[in-house]
Number of protein chains: 2
Amino acid sequence: MGSVNIKQLARELNLSAATVSRALRDSHEISSATKQRVNDLARKLNYEPNPSASTLRSHKSKTLAVIVPEIANNFFSLAINGIEEVARQHGYHVLIYQSHDNVEAEASFIKSLLTGRADGILLSVASETVNEIHLMDLNKQIPTVFFDRVPDGLNTVNVTTNDYESAYDAAEHLIESGCKKIAYLFALNNLLAGKNRLKGYLNALKDHNIDLDDHLIITCGKDDINNYSLLKDAISKYQPDGVISATEELVLPCYEICQLLKINIPNYLKIVSFSNLKTAPFLNPSLTTVTQPAFEMGFKAASLLLKLLDNKQVEPGDAEVLNSVLIKRGSTAVK
Amino acid sequence: MGSVNIKQLARELNLSAATVSRALRDSHEISSATKQRVNDLARKLNYEPNPSASTLRSHKSKTLAVIVPEIANNFFSLAINGIEEVARQHGYHVLIYQSHDNVEAEASFIKSLLTGRADGILLSVASETVNEIHLMDLNKQIPTVFFDRVPDGLNTVNVTTNDYESAYDAAEHLIESGCKKIAYLFALNNLLAGKNRLKGYLNALKDHNIDLDDHLIITCGKDDINNYSLLKDAISKYQPDGVISATEELVLPCYEICQLLKINIPNYLKIVSFSNLKTAPFLNPSLTTVTQPAFEMGFKAASLLLKLLDNKQVEPGDAEVLNSVLIKRGSTAVK
DNA sequence: CTGTTAGCGCCTTCAC
DNA sequence: GTGAAGGCGCTAACAG
């Protein structure tokens, strides 16, 4: 902090501060000789520009803010990895916030970001979000790209995955494996992703002429204990032979319950889960997963945001839908 | 950005900017009536102070920087979660950087942080770090707390776990389970944590009068493919009946190789891994883990850093060593 | 090509 | 209890 500033460089070089500033920013109106001298001294004295001063003046913070429900989540941590990668490549810094799926927290973070602290926001919204006033026209206040958990019905720039198709494929996979009673662990109920996944499941059943039993749609919430008992009741009562879990978290109680009820996986019950746990295959060779390209989503979302910041128009095709991958396992029973 | 500032508040209230500023900072020299008026209008107009201006002037950014090798890692993402928690509680913001275990990247991030962008640093050093000139006396330049991956021999403020004891316990557990030939997957070789874990293993063997076979210490590096072949050679050649993995990453190829070589886990080979994968028990009931209190470490490290920033002296007991937990599993064979 | 001037929004003297 | 003035470090506008 007691470090060198532009004025000191200027004095030492017999130049004005303005010239030094321009030279450092590689302005075309400075002779290359001067640039040379300036850069040499800057390096020698370990000069680093003061970001606050520069932001205050230029209205550019070179900082992106990321708001996610949870950091300690296989999907989000990978997405942040992708974001950080893009940021670093372009000399941007990354601020992180967790909403813990709480709308007020989310809104409050956003508010605190409308002051120039960040140039743009990457947002995966809180699943609790229903009344999204704080998201309406957000893009007019600060460039924002939504990823994965995007609001439903707002005209936003989004990066998502093919939730409908992948849930459809998951259900079809189970049907083709012989399942007749496929339960669906419904989560992210308020979000487009959650709704689309459910639709994919429903339509796959319909297309294969399987009657839907409403009891097999288990609507889960944020309360783990409640989810557990809902799940346990449904599994013991309606005895599904297949399960699709809309989130990675719900697959765990599912395993627990099967162990408790002595239900053999995957012989008597086959499971498919949306999951980004890379280690899943080795830890459990019976779990078929729908794996999202998490890193790529973060990467893509950040790239899009930088494009927006560049005042480049974002074209329709830019707000991409990436494809998840269904990784089939468990065809051979566990030994 | 086109938002309200102190001057506008002042004009509207017929006060000076100075008075408004003081009122907002709850200065004792302002009448409570004025404070009331100021705060009311501020809330009404959605006033948010400009962080750059405030930082430039006050030399306080209310921002912590976190540098970790990888974000998408069960330990680090949990630790960041803990850090974010503390930060939010105290109105701090969190900047994230990944070194990817590269010393130059680490040094360059640190350099860019010495300009007031952050008030302090939370650092888990790159495992490649050997020549740590960039870390020497870092604390004199900017308050820094190291966690988990701390440098060896520098006089830093650290938050770590009981690596020695937990590796010792892991080895003892295997010995007591009947293992005679325990392999050790050695990682984090340059770091205190890595060295201490190895020592714990070695001493447990010694204390139980088990002769050390050097071939069973498999020194792993950053190259996954190379690690795989090292591991495969060692396992097939020296046929250990127990394995301790110093990191979560190395346990995966281990499983793969056992599957390939038709080695039954845990009947013929028992594994203990340092791991923070919460889902491990459900996904694989045979894997005994040494689980670090990752969230708590982040929480503790951030709390310590805030204490440093408060100019409170950090006392010896503050730089804590937290305890990992050995979660024993696999006593019953996989069905 | 380079210098002068001014001001981004805030906070901290110093005055009254 | 409040106001006026100056400056944090940098950059944009205007000169020359």
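A quick note: this is a predicted structure, and the numbers were derived from the prediction, not measured.
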Given atom [atom1] of [X] and atom [atom2] of [N], what is their separation to the nearest angstrom?
X        : N      : atom1 : atom2 : result
B/Arg22  : D/dG1  : CZ    : P     : 12 Å
A/Asn50  : D/dC8  : CG    : P     : 11 Å
A/Glu48  : D/dG9  : CD    : P     : 15 Å
A/Lys7   : C/dT4  : NZ    : C1'   : 14 Å
A/Arg117 : C/dC10 : CZ    : C1'   : 14 Å
A/Arg37  : C/dC1  : CZ    : P     : 15 Å
A/Leu56  : D/dG7  : CG    : C1'   : 12 Å
A/His59  : D/dC10 : NE2   : P     : 17 Å

Among [options], which nucleotide sits nearest the side chain of [X]?
X       : options               : value
A/Thr34 : C/dT12, D/dT2, C/dT2  : C/dT2
A/Ser16 : C/dT4, D/dT2, C/dC10  : C/dT4
A/Ser54 : D/dC14, D/dT11, C/dG9 : D/dT11
A/Ala18 : C/dG3, D/dG3, D/dC10  : C/dG3
A/Ser58 : D/dT11, D/dT2, D/dC10 : D/dT11

So B/Phe109 and B/Tyr97, would you call those rings parallel, tilted or perpendicular, with 30° and 60° as cut-offs?
->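 Answer is tilted, since the angle falls between 30° and 60°.
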
Evaluate the ring planes of B/Phe147 and B/Phe76, with Trp represented by its six-membered ring, and classify them as parallel (under 30°), tilted (30 to 60°) or perpendicular (over 60°).
->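 Rings of B/Phe147 and B/Phe76: perpendicular, as their planes differ by over 60°.
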
Look at the side-chain N and O atoms of A/Tyr47 and state whether any lies under 4.0 Å from the OP1 or OP2 oxygen of D/dG9.
->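 False: A/Tyr47 side-chain N/O out of range (4.0 Å or more) of D/dG9 OP1/OP2.
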
Select base, sugar-phosphate, or nothing to describe what B/Ser31 touches, counting heavy atoms under 4.0 Å on all strands.
->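 It contacts sugar-phosphate atoms only.
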
What nucleic acid atoms does A/Arg25 come within less than 4.0 Å of, heavy atoms only: base, sugar-phosphate, or nothing?
->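 If one applies the 4.0 Å heavy-atom cut-off, A/Arg25 turns out to touch the sugar-phosphate alone, with no base involved.
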
If each of A/Thr19 and B/Ala17 is mapped to the nucleotide of DNA chain C with the nearest heavy atom, which maps nearer the 5' terminus, i.e. the 5' end?
->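 The residue closer to the strand's 5' end, by nearest nucleotide, is A/Thr19.
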
Given B/Leu95, B/Leu305, B/Val94, the one that forms side-chain contact (heavy atoms from CB on, under 4.5 Å) with B/Val66 |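 Single side-chain contact (heavy atoms from CB on, under 4.5 Å) partner of B/Val66 among B/Leu95, B/Leu305, B/Val94: B/Val94.
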
Of A/Glu29 and A/Ile6, the one whose closest DNA chain D nucleotide lies more 5' =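 The residue whose closest nucleotide sits nearer the 5' end is A/Ile6.
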
Would you say the side chain of A/Arg57 and the base of C/dG9 hold a donor-acceptor pair, judged only by whether the two atoms sit under 3.5 Å apart?
->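 Such a pair does not exist between side chain and base.
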
Residues B/Thr19 and B/Ser16: side-chain donor-acceptor under 3.5 angstrom =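 There is such a pair between these side chains.
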
Side chains of B/Glu48 and A/Thr115: donor-acceptor distance under 3.5 Å anywhere?
->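 Not at all, the side chains of B/Glu48 and A/Thr115 share no donor-acceptor pair under 3.5 Å.
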
